[in-house]
Amino acid sequence: MLGIVSVLLGAGLGELVAAFLLPEASPFAAVGGALIDAAPPWAKDTAIAWFGTGDKAALLVGIAVVLVAVSFGAGMLERRRPPFGAVVIALLGVIGAVIAVVRADGAPVAAIPSLVSGVVGAMTVRALVGLGETASQGPVAAPERRRFLVWTAVATASGLIAIAVSNVARTAAQSIEALRTAIRLPRPATAAAPVPAGAELEIPGLAPVVTPNADFYRIDTALVVPQVDPKTWSLRVHGMVAREVVLTWDELVASPLQEADVTLACVSNTVGGDLIGNARWLGLPVREILARAGVDADADMVLSTSIDGFTASTPIEALTDDRDALLAIGMNGEPLPIEHGFPVRLVVPGLYGYVSATKWVTELEVTRFDRATAYWTTRGWSERGPIKLQSRIDVPRGSAPAGDTVIAGMAWQQHVGVRGVEVRVDGGAWRPATLASAISDDTWVQWSIPWTAESGSHDIECRAIGADGTAQTDAVAPPAPDGATGWHRITVSVS
Ligand SMILES: Nc1nc2c(c(=O)[nH]1)N[C@H]1C(S)=C(S)[C@@H](COP(=O)(O)O)O[C@H]1N2
Ligand SMILES: [Mo]
């Protein structure tokens with residue numbers, strides 16, 4: 001029985017890890033999927049004939065029965081010839097991992113849930129059988145015996161709880177994703193101009209000027225991604241307002257929506273880092289909803305709250321001036337991906353995400369900086385978070401062939417814009433790079449400069465000049481408390 005308890009705990013934790021990490025990599029789903037794909041047609045037909053639409057449930061029950069039998073055997077083996085029982089269980093994990101990775105087109109993360117299962121199962125069977133051996137040698141009331149029974153009960157209960165939680169998490173995720181894919185976004189009342197032809201230089205290795213949703217960086221405190229049903233979502237605007245406003249999803253979708261290209265950046269981005277992305281957002285200008293509420297003249301901040309309790313404090317002028325601060329529902333032509341805030345988030349040009357970009361937003365409290373603080377500001381990050389002028393070298397990376405080549409990268413200072421970028425090699429003279437067409441002052445811009453690379457090791461640096469004429473500072477500052485500064489410098493070996 002200890003073999004079964006151990007595998008239960010291992011499988012449970014593996015399922016739990018998968019539910020949050022990569023649902024397709026669940027050990028049961030991977031093995032079950034592989035069996036479905038590998039089954040000969042007659043087996044499928046028989047399964048469907050016998051079990052109908054319950055065929056998948058029947059398959060999972062079948063796998064579970066085989067697993068119980070194998071773990072029963074592994075438990076016996078562990079008693080007679082330790083550690084071979086544990087080895088058998090670990091091997092089950094390895095098999096699951098290999099199948100999951102193959103099915104995930106070789107993505108190594110897919111191995112994690114099954115490996116967790118194997119390791120936990122193997123360690124548990126070793127521990128429990130060990131405790132059991134000790135307990136069975138002493139008197140009936142010995143503390144060893146109690147300890148053994150308690151740990152066995154704990155392992156069993158933990159395994160059952162892990163399976164239950166992973167099922168709930170998976171079901172919630174699937175149903176909200178289904179709602180999300182069924183949504184047809186309304187046409188914008190104010191559409192963004194097409195991305196200018198010259199905005200994308202199409203240099204291999206250079207970040208695309210519009211970041212595909214799948215590649216968009218994700219930063220949040222949510223261990224479990226909130227699953228919010230648009231039908232039950234609402235936004236409450238309250239605090240220092242003339243009248244409280246509650247906005248529902250249907251009202252939001254029926255409002256005149258605006259499209260805007262806005263680059264979002266994380267304050268934690270290091271110089272040269274990639275916690276930045278650019279998307280075409282669709283949403284209701286925040287100033288319109290604030291106008292409906294009637295903002296008190298003494299207010300200087302809006303505290304936005306996420307359904308998961310995260311908060312951000314945004315200077316009110318960034319939400320009431322004419323910039324494209326949006327209560328966004330769309331990202332690059334799709335409903336917001338769940339991990340990017342589905343169904344509704346804030347996007348504010350010119351501010352780091354931690355003071356502006358609340359995902360899964362449900363509340364806007366109009367208040368004052370001297371009355372309320374937000375999630376990261378109570379943890380030592382700066383109260384205000386305007387984006388700092390930055391530039392980055394994307395190509396070459398690491399090495400380059402000798403001869404004529406190109407140096408290219410990105411530069412940004414949202415809501416100010418970028419006037420130019422300069423590059424120098426090996427501490428030589430600064431040379432102006434050519435800027436691509438900027439989409440707008442609220443987005444990053446690509447740049448490039450030709451370079452004749454000679455063999456050897458070379459240092460390349462870049463610095464930007466803001467549209468307001470300020471040059472990017474070379475003073476090195478870490479991300480905390482209000483954003484990193486310094487010039488991006490890379491070393492390239494040319495051969
Ligand atoms: N609910 C919630 N919203 C959040 C955060 C968070 O932790 N929780 N993090 C913020 C930070 S620090 C950043 S940089 C942006 C990142 O948005 P993205 O994950 O869509 O790129 O979201 C912001 N919105
Ligand atoms: Mo961030």
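Counting starts at 1 for both ligands and their atoms, in listed order. Just so it is clear, the values below take in all heavy atoms, side chains as well, and ignore hydrogens, waters and symmetry mates. The residues of the chain are indexed from 1 along the displayed sequence.
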Under 3.5 Å: donor-acceptor pair, side chain of Q446, backbone of A207: yes
F216 six-ring face occupied by R218 cation (under 6.0 Å, within 45°): no
Residues in contact with ligand 1, criterion: heavy atom under 4.0 Å: F216, Y217, R218, I219, D220, T221, L264, C266, S306, D308, F310, H340, R345, G353, Y354, A357, T358, K359, W360
Donor on one side chain, acceptor on other, D442 and S440, under 3.5 Å: no
Side-chain (T314) to main-chain (V355) donor-acceptor, under 3.5 angstrom: yes
Derivation of the side chain to side chain contact (heavy atoms under 4.5 Å, CB included) call for I329 and I183: CA-CA 11 Å; I329 62 168; I183 290 174; over 6 Å; no
Exam field: side chain W487 to backbone Q472, donor-acceptor pair closer than 3.5 Å: yes
